[in-house]
Student: 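Handing you this structure, nothing more for now.
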Amino acid sequence: MASNINDWKKEAEKQMKGKPVSSLDWHSPEGINIKPLYTADDLTSLDTINTLPGLSPFIRGPYPTMYAARPWTIRQYAGFSTAKESNTFYKKNLAAGQMGLSVAFDLATHRGYDSDNPRVAGDVGKAGVAIDSVEDMKILFDGIPLDKMSVSMTMNGAVLPVLANYIVAAEEQGVKQAELQGTIQNDILKEFLTRNTYIYPPLPSMRIISDIIGYCSKHMPKYNTISISGYHMMEAGANSVLQTAFTIADGVEYAKSAIRAGMDIDDFAPRLSFFFGIGMNFFMNIAMLRAARFIWNEEILKMNPKDIKSCMLRTHCQTSGWSLTEQDPYNNIIRTTIECMAAVLGGTQSLHTNAYDEAIGLPTEFSARIARNTQIIVQEESQICHVIDPMGGSYYVESLTNSIIQEARKILNQIESLGGMAKAIESGLPKKMIEEAAARTQARIEKGEEIIVGVNKYKPKKNEEIPVLEIPDTVRLEQIESINKLKATRNNELVKKTLADLTKAAESNANLLEATIPCVRARATVGEISDAMEKIFGRYKAKTELISGIYSSEYKVGKHDEFDETRKKTDDFAAKHGRRPRILIAKIGQDGHDRGSKVVATAFADLGFDVDLSPMFVTPSEAAKMAVENDDHAIGASSLAAGHKYIVPTVLEELKKLGRPDIKVFIGGVIPRQDYDELYKDGAVGVFGPGSNIVECANKVLSELEKI
């Protein structure tokens, strides 16, 4: 082999006109050095090869026959508007070949607010289905037999009322709890780390998880009580090593918490499931899933299980939403197909493929059909299901799998030294690592080092507008009408009693899911149930911190005129006006995705702006008040959940009330291009859609501020 390698190097260097072959090496964002050629020699020292599917350490898959006997489950994560609208959508998808339901709830529901709460005026039904009571849940699953349908529900903050609503809806459909199958996400550590749709502080939140695991282990043996999610870490900026390490660390923390609560590892671990995000680095994502199975097996073996199923990592996957672009949007169909293939070749158990238009809004029926058919075609036409782990034995994939294992172990050891993932999250280390990775990625894209077709290379001459599903504001009015009708017809004394019992349960060691179910049967709302526990637990408010220096550090290598010129403009502004341009980056509404706002904030700070960063979940009036108190020149509002048409006029109205209509309002995020004119008409002075170049955005802000 050695002589052959030498011959290859000679021929390769001849082709490269004398340059060393090592110049073709690529250093990935994960810190892994990728060579241009892998051979059998790269496998000789690995302890991860010569394994079989269905056997420990499960690198080649959790089941012996994998897709050869049973393909992965095709799911589509969906929910919007009202329960009735979502139910119609589900039935069409099921009739067209979808195998299981994956429910998306709106942000008001996620955060434990009823639709009539003033804090959620711009959020109801916009990014998922609004569920205020069991009556909504019954409509959601009307005509869908819950004893036969696997239902996955992405819910963490308001997990108790939502899961209880599902149980009671099934009960009133005639389905026993023991017959229910599916998954509740129930992953609160990830919420504190990236997604941010938490309600209660970490300690009671961890108790809720243990109570759900305990209850379902006894009463719902077919049900997966937690889906440990790395997806939102990836969307927040985590690379494959960070996603692997932090997701496994979360799982270890939950397992240890359940054991401390008196449960045996084998009573719950076989029902744990995972959820990974799949991005555009094809082979890295295949290797990530294989590495995650190996590390989970390694970590659970330390807890002395007797059932080998406890060591088996089973996962759902979803293609990346962040990789979708507004520019040249039909490219997103190709991106999703590549990511779909990576998830399948990595050995996922179920999969959701994003629709091409999700860069700018909720999927339409047309785009959802393409996304679903992507999976069906791969499953039915590609013939890859006939072979178990077809990537097994690949010199590159096996080496990459081992590299991810080694790098993830380093991070896991670091987390263990801090006292586990909960302590690590408290320290802020994982969040800082993810935010730094996101800032570096943004800078690489803007410098053209990381190519995104249609965004920073091969740009289309004309931006193509595509149809967007828009949720009308009347949805909130319909939900409020429903709530009022419910409260007028239910036994309110019984509701008060069950809610009081729930509050007492929160004060004691009683099982909280068991105490929530009677509240739902009595027709208590999601908001009332959440409030009953908030009396004891309180509502958590995270500290918002701004990182600096990461974005600019990527520009220090080489010459970058556009960055330096913008920095000079902010210096000139300061010299002319006696202070630097000052902007409030505001997260308005209940959306917790803060990658965009954090990256923009750190980039603007590095470009010479004074940046104020609002807390999460502020209202328009709170944002306006902050801007006035800080004497900001501008507000940069972040909108990712279809609330842009509500945010702009409302913020401007609040500024006017406070006597500061001179403060400029910009808005950025997931905003369809066809809405730009309306936002400008409402008074926005800048609208920045997905994929906007931050240096260009900063220049636009500066030019508008010079008009003051």
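Remember, it's a predicted structure, so these values are computed and weren't measured experimentally.
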Student: Just so I know, are the side chains of Asp357 and Phe366 near enough to count as touching, which here means a heavy-atom distance under 4.5 Å?
Tutor: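 Heavy-atom side-chain distance check fails, nothing below 4.5 Å.
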
Student: If I take atom CG from residue Leu189 and atom CE from residue Met233, how far apart are they, to the nearest 0.5 angstrom?
Tutor: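 Going from the CG atom of Leu189 to the CE atom of Met233 covers 8.0 Å.
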
Student: Quick one, Lys625 and Glu622 - any side-chain contact, counting heavy atoms below 4.5 Å?
Tutor: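 A side-chain contact is absent here, since even the closest heavy-atom pair is not under 4.5 Å.
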
Student: Do Glu235 side-chain atoms and Trp322 backbone N/O form a donor-acceptor pair below 3.5 Å?
Tutor: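 Between the backbone of Trp322 and the side chain of Glu235 there is a qualifying donor-acceptor contact (under 3.5 Å).
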
Student: Between Ile415 and Phe246, is there a side-chain heavy-atom distance shorter than 4.5 Å?
Tutor: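 Touching, per the 4.5 Å side-chain cut-off.
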
Student: Contact between Val162 and Tyr166 at the side-chain level, heavy atoms closer than 4.5 Å - yes or no?
Tutor: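 Val162 does not reach Tyr166 side chain to side chain.
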
Student: Regarding Gln185 and Ser227, is there a side-chain donor-to-acceptor distance under 3.5 Å anywhere?
Tutor: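 No donor-acceptor contact under 3.5 Å links the two side chains.
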
Student: In terms of side-chain geometry, is the basic nitrogen of Lys645 or Asp675 positioned less than 4.0 Å from the acidic oxygen of its partner?
Tutor: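 Salt bridge flag = yes for Asp675 with Lys645.
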
Student: Taking only Lys NZ, Arg NE, NH1 and NH2, and the carboxylate oxygens of Asp or Glu, determine whether Asp531 and Arg539 approach each other closer than 4.0 Å.
Tutor: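 Result for this pair is no, no salt bridge flagged.
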
Student: Do the side chains of Glu545 and Lys431 get close enough for a salt bridge, i.e. N-O under 4.0 angstrom?
Tutor: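 Looking at Glu545 and Lys431, the cut-off is not met.
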
Student: Counting C-beta onward and ignoring hydrogens, is there a side-chain heavy-atom pair between Val252 and Tyr254 closer than 4.5 Å?
Tutor: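 No, every pair of side-chain atoms sits at 4.5 Å or beyond.
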
Student: Would one find more than 12 heavy atoms of other residues, nucleotides or ligands at under 6.0 Å from atom NZ of Lys423?
Tutor: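 Counting neighbours around NZ of Lys423, 12 or fewer heavy atoms of other residues, nucleotides or ligands fall under 6.0 Å, so no.
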
Student: Side-chain donor-acceptor pair under 3.5 Å between Asp267 and Ser217, yes or no?
Tutor: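 No.
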
Student: Using distance alone, with no hydrogens and no angle criterion, decide if Gln349 and Arg314 have a side-chain donor and acceptor under 3.5 Å apart.
Tutor: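 Arg314 and Gln349 do not have a side-chain donor-acceptor pair below 3.5 Å.
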
Student: Return yes if a side-chain donor-acceptor contact under 3.5 Å exists between Lys91 and Asn87, otherwise no.
Tutor: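 A pair is found: one side chain offers a donor N or O, the other an acceptor, under 3.5 Å apart.
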
Student: Between atom CD1 of Ile259 and atom CZ of Phe268, what is the distance when rounded to the nearest 0.5 Å?
Tutor: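 These two atoms lie 4.5 Å from each other.
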
Student: Check whether any side-chain N or O of Asp114 sits under 3.5 Å from a backbone N or O of Asp116 as a donor-acceptor pair, and report yes or no.
Tutor: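 No.
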
Student: Gln318 versus Phe275: any side-chain heavy-atom pair under 4.5 Å?
Tutor: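 Yes, at least one pair of side-chain atoms sits under 4.5 Å.
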
Student: Show the numbers, then the answer: is there a side chain to side chain contact (heavy atoms under 4.5 Å, CB included) between His316 and Phe276?
Tutor: CA-CA 6 Å; His316 171 72; Phe276 281 88; over 6 Å; no

Student: Decide yes or no on side chain to side chain contact (heavy atoms under 4.5 Å, CB included) for Ile212 and Tyr223, but give the supporting numbers first.
Tutor: CA-CA 11 Å; Ile212 289 172; Tyr223 201 73; over 6 Å; no

Student: Could you tell me whether Glu654 and Lys657 have a side-chain N and a carboxylate O separated by less than 4.0 Å?
Tutor: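 Here Glu654 pairs with Lys657 in a salt bridge, since their nearest N and O are under 4.0 Å apart.
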
Student: Any Lys/Arg nitrogen of Lys485 or Glu135 sitting under 4.0 Å from an Asp/Glu carboxylate oxygen of the other?
Tutor: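 Between Glu135 and Lys485 there is no salt bridge, as every charged N stays at least 4.0 Å from the carboxylate O atoms.
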
Student: Before accepting this row, confirm whether a basic side-chain N of the pair Asp501/Lys497 lies closer than 4.0 Å to the acidic partner's carboxylate O.
Tutor: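 Salt bridge between Asp501 and Lys497, a charged N being under 4.0 Å from a carboxylate O: yes.
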
Student: Does Ser229 form a side-chain hydrogen bond (donor to acceptor under 3.5 Å, both in side chains) with Asp187? I'd like the steps, not just the answer.
Tutor: CA-CA 7 Å; Ser229 175; Asp187 177 5; 4.8 Å; no

Student: Using distance alone, with no hydrogens and no angle criterion, decide if Gln173 and Asp147 have a side-chain donor and acceptor under 3.5 Å apart.
Tutor: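 Judged by distance alone, the side chains do not pair up.
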
Student: Please confirm whether the backbone N or O of Gly157 pairs with a side-chain atom of Glu191, one donor and one acceptor, at under 3.5 Å?
Tutor: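 Such a contact is absent between Glu191 side chain and Gly157 backbone.
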
Student: CG of Asp594 to CZ of Arg195: how many Å apart, nearest 0.5 Å?
Tutor: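 Rounded to the nearest 0.5 Å, the CG-CZ separation comes to 9.5 Å.
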
Student: Scan for salt bridge (charged side-chain N to carboxylate O under 4.0 Å, His left out) pairs involving residues 200-220, sequence neighbours excluded, and state none if there are none.
Tutor: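 Listed by first then second residue: Arg207-Asp211.
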
Student: Using atom types as modelled and distance alone, determine if a side-chain donor or acceptor of Asn186 lies under 3.5 Å from a backbone N or O of Thr225.
Tutor: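 Looks like yes, one N/O pair under 3.5 Å.
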
Student: Check side chain to side chain contact (heavy atoms under 4.5 Å, CB included) between Pro649 and all other residues, then give those that pass, not counting sequence neighbours.
Tutor: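 Testing Pro649 for side chain to side chain contact (heavy atoms under 4.5 Å, CB included), a comparison that skips the adjacent residues, returns Asp682.
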
Student: May I ask you to check whether Asp123 and Gln590 show a side-chain donor-acceptor distance below 3.5 Å?
Tutor: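 No, because no side-chain N or O of Asp123 sits under 3.5 Å from a partner of the opposite role on Gln590.
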
Student: Say whether, by atom type as modelled, one donor and one acceptor occur between the side chain of Thr525 and the main chain of Ser133 under 3.5 angstrom.
Tutor: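 No: the side chain of Thr525 does not pair with the backbone of Ser133.
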
Student: Treating Ser273 as the side-chain partner and Ile226 as the backbone partner, does any N or O pair qualify as donor plus acceptor under 3.5 Å?
Tutor: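 Side chain of Ser273 to backbone of Ile226, a donor-acceptor pair under 3.5 Å: yes, one is there.
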
Student: Checking Arg111 side chain against Tyr198 main chain: does a donor-acceptor pair fall under 3.5 Å?
Tutor: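 Answer holds: yes.
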
Student: So, does Thr319 use its side chain to make a donor-acceptor pair with the main chain of Asn354 at under 3.5 Å?
Tutor: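 Yes; judged by distance alone, with no hydrogens or angles, the pair exists.
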
Student: Any luck finding a side-chain donor-acceptor pair between Ser115 and Asp132 under 3.5 Å?
Tutor: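 Indeed, the side chains of Ser115 and Asp132 share at least one donor-acceptor pair under 3.5 Å.
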
Student: Taking Asn224 for the side chain and Leu272 for the main chain, is one N or O donor matched with an acceptor at less than 3.5 Å?
Tutor: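 Side chain of Asn224 to backbone of Leu272, a donor-acceptor pair under 3.5 Å: no, none is there.
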
Student: If every non-hydrogen atom of Phe192 is compared with every non-hydrogen atom of Tyr200, which pair is closest and at what distance?
Tutor: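 Smallest interatomic distance, heavy atoms only, reads CZ-O, 3.3 Å.
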
Student: Restricting to non-hydrogen atoms, name the atom on Val526 and the atom on Ile131 that form the minimum distance, rounded to 0.1 Å.
Tutor: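 What the structure gives for the nearest pair is CG2-O, 3.5 Å.
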
Student: Does the pair Glu172/Arg523 count as a salt bridge with the N-to-O cut at 4.0 Å?
Tutor: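 Result for this pair is yes, salt bridge flagged.
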
Student: Verify side-chain hydrogen bond (donor to acceptor under 3.5 Å, both in side chains) between Asp473 and Tyr646, making sure each step is shown before the conclusion.
Tutor: CA-CA 9 Å; Asp473 293 333; Tyr646 166 77; over 6 Å; no

Student: Decide whether Arg75 and Ser150 meet the rule of one side-chain donor and one side-chain acceptor closer than 3.5 Å.
Tutor: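 Side chains of Arg75 and Ser150: pair found under 3.5 Å.
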
Student: By side chain to side chain contact (heavy atoms under 4.5 Å, CB included), which residues pair with Leu499, not counting sequence neighbours?
Tutor: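 Listed in chain order: Val495, Cys519, Ala524, Glu528, Ile529, Ala532.
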
Student: With distance as the sole test, does Tyr215 use its side chain to make a donor-acceptor pair with the main-chain N or O of Ser210 at under 3.5 Å?
Tutor: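 Not a single qualifying donor-acceptor pair exists.
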
